Amino acid sequence: MQQKAFFLVLFAALLSGVSGIIVRFMEIPATSMAWLRMATPTIILLCYLLYRRQTIFKEGYKVMLGASVINAGRMFFFFLAYIHTTIANAIIVLYTWPIFAVILSAFFLKEKISTKQVILLILSFVGILVVYAGHEISIDNSDFKGLTAGVLCALLYACTVVIFKSKSGSFDPSETIFFQNVVGAFIFLPLFLTNEPIPRPTDWALGITHGIVIGIIMFMSFFHGLRHIKASTASMITYVEVVSAMTLGYFVLGETLTVNMMIGASIIIGSTLLLQNRKKT
C-alpha cells in the first residue's frame, strides 16, 4: 500500500506542474480564474457525493469550512503569482509551504522545533531572499508582486494542509476536496459575473480543464496517497513539481532560468528536504 501511495503522490506532483502553463494561456482576471478552478470541482463533487448519499455536513464540517475560506485566499494569490512572474519564480516561492507548515505545527500542534530545524528554517528564508534579489522591490514591479503573492499563497496553503491533515480520518478525499473549494466557489462568483474581460471559449475550456485535472484528479491522488504515508514523506515527493513546472516553463514558454533563481531554488529545496528528514527522526 505504501508503494502505491508513493506513486499516487508522485503522479500528483508531476500533474501539478502543468498549472502554470494553463494559467499563462488564460486572459481573464485572477478572481475569474479562481472561480472556474474552484467551482468546477465543487459542482462535480457535490453531484458525486449526493449520488453516493454521503453525509456532507457531518461532525467537523465547521473546521473544514474554515479551511475552505483560507483556501479561497490561497487560490487568489496562486493565480496572482503565476500572472505576475515567471513559472519558475512562482513555483520556487510556492514551495516554501513546508517551511510554514513546520512553524504552524509548532504553534498549533505543539510540535517541538530543534535548533537544527531553526537553522534550516532561517536558511530557507535566505533562499527566498536570493530569489527576490535582482528584482526591484516596488508594488509597481510585476515580478515583486508575483513573488509576494507566491509567498502568501504558500503560507495559506500550509494552513490548509495542517487543518485538512488533522481531519483526514473523518473526511475521505472526495469530501476533503469538496470542502477545499466550496467557499471559494461562492466568494468568487459575483466577481466572475462582473469581471472584464468576459471569458473566451478558450478561457472556459482551460479553466474547466484546470479544475478537473488539478482540482480533482491531482488532489484526489495526493489525498489518497497522504492517507498511507507520512506527511513529511509526501511533501518531499511533491518537490518533483518544481522540476516539472520549471521544465515546462522553459520548453513551452521559453522562460529563462537565472543564476539567482537556481541558487535560491537549491537553497530552499535543499533546506526543506533536510527539514523534513529532521521531522522524521
Side-chain angles (χ1 to χ4, degrees), residues 1-19 22 33-76 78-79 97 101 153 156-189 192 204-235 237-238 240-241:
M1 182 59 72
Q2 283 194 338
Q3 186 179 33
K4 181 180 179 181
F6 173 89
F7 283 110
L8 281 172
V9 175
L10 179 62
F11 172 72
L14 289 169
L15 199 60
S16 189
V18 306
S19 282
I22 294 175
M33 293 182 189
W35 183 80
L36 284 169
R37 163 64 181 77
M38 303 185 86
T40 301
T42 297
I43 294 169
I44 292 174
L45 288 174
L46 177 61
C47 294
Y48 172 76
L49 293 171
L50 291 175
Y51 173 76
R52 293 283 303 272
R53 296 184 179 179
Q54 289 183 228
T55 301
I56 301 173
F57 297 103
K58 53 190 175 183
E59 185 178 354
Y61 82 90
K62 291 182 180 179
V63 175
M64 298 292 276
L65 285 175
S68 189
V69 173
I70 296 172
N71 198 56
R74 194 268 297 189
M75 288 305 306
F76 173 69
F78 173 87
F79 286 109
W97 73 262
C153 175
L156 295 180
Y157 185 58
C159 293
T160 63
V161 167
V162 171
I163 296 171
F164 287 134
K165 176 63 179 176
S166 70
K167 294 294 181 181
S168 61
S170 303
F171 295 84
D172 67 28
S174 58
E175 293 169 333
T176 299
I177 297 170
F178 170 78
F179 278 108
Q180 194 180 40
N181 294 282
V182 63
V183 172
F186 284 99
I187 289 176
F188 293 117
L189 178 59
F192 177 80
W204 277 97
L206 289 170
I208 292 172
T209 298
H210 195 211
I212 294 173
V213 174
I214 305 301
I216 298 178
I217 299 174
M218 188 279 286
F219 272 107
M220 194 73 75
S221 298
F222 178 74
F223 284 128
H224 270 293
L226 190 61
R227 299 180 87 180
H228 301 287
I229 59 176
K230 294 180 180 179
S232 57
T233 302
S235 64
I237 299 169
T238 58
V240 172
E241 182 185 348

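Keep in mind it's a predicted model, so treat the numbers as computed, not measured.
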Distance check, rounded to the nearest 0.5 Å: [X] atom [atom1] versus [Y] atom [atom2]?
X    : Y    : atom1 : atom2 : result
I217 : T209 : CD1   : OG1   : 10.0 Å
F78  : L156 : CZ    : CG    : 13.5 Å
F178 : I56  : CZ    : CD1   : 5.0 Å
L15  : F222 : CG    : CZ    : 13.5 Å

Sequence neighbours left out, what passes ring-ring contact (aromatic ring centres under 6.0 Å, His included) with [X]? Give chain and number order.
X    : result
F79  : H210
Y51  : none
F171 : F179
F164 : none

Please report the shortest heavy-atom distance between [X] and [Y], naming the atom on each side.
X    : Y    : value
M220 : I177 : N-CD1, 3.4 Å
E241 : S16  : OE2-OG, 2.9 Å
I214 : S19  : CG1-OG, 3.6 Å
F186 : V182 : CD1-O, 3.2 Å

Review item, side-chain donor-acceptor pairs of residues 34-48, under 3.5 Å, at least two apart:
unit_1: W35; atom_1: NE1; unit_2: A185; atom_2: O; d: 3.0
unit_1: R37; atom_1: NH1; unit_2: N181; atom_2: OD1; d: 3.0
unit_1: T40; atom_1: OG1; unit_2: L36; atom_2: O; d: 2.7
unit_1: T42; atom_1: OG1; unit_2: M38; atom_2: O; d: 2.7
unit_1: T42; atom_1: OG1; unit_2: N181; atom_2: O; d: 3.4
unit_1: Y48; atom_1: OH; unit_2: R52; atom_2: NH1; d: 2.4

key: Residue pairs fulfilling side-chain hydrogen bond (donor to acceptor under 3.5 Å, both in side chains) with at least one residue in residues 64-76, sequence neighbours excluded   = N71-R74

remark   = The complete set of salt bridge (charged side-chain N to carboxylate O under 4.0 Å, His left out) pairs with one or both residues in residues 171-188, sequence neighbours excluded, reads K58-E175

Who passes side chain to side chain contact (heavy atoms under 4.5 Å, CB included) against [X], sequence neighbours left out?
X    : result
F76  : A30, T31, L80, F188
F7   : Q3, L10
I187 : A72, V183

inquiry  = Could you go through I70 and I163, starting from their C-alpha distance and side-chain angles, then the distance that decides it, and tell me whether this counts as side chain to side chain contact (heavy atoms under 4.5 Å, CB included)?
reply    = CA-CA 10 Å; I70 296 172; I163 296 171; 4.0 Å; yes

task = Taking side chain to side chain donor-acceptor pair (under 3.5 Å) as the test, write out the residues that go with S221, two or more places apart.
result = none

note = Hits for side chain to side chain donor-acceptor pair (under 3.5 Å) against Q180, two or more places apart or cross-chain, chain-then-number order -> none

request  = Decide yes or no for T176 and F219: does some side-chain heavy atom of the first lie under 4.5 Å from some side-chain heavy atom of the second?
outcome  = no

key: Pairwise side-chain contact, F11 with L14, heavy-atom cut-off 4.5 Å (strictly under)   = no

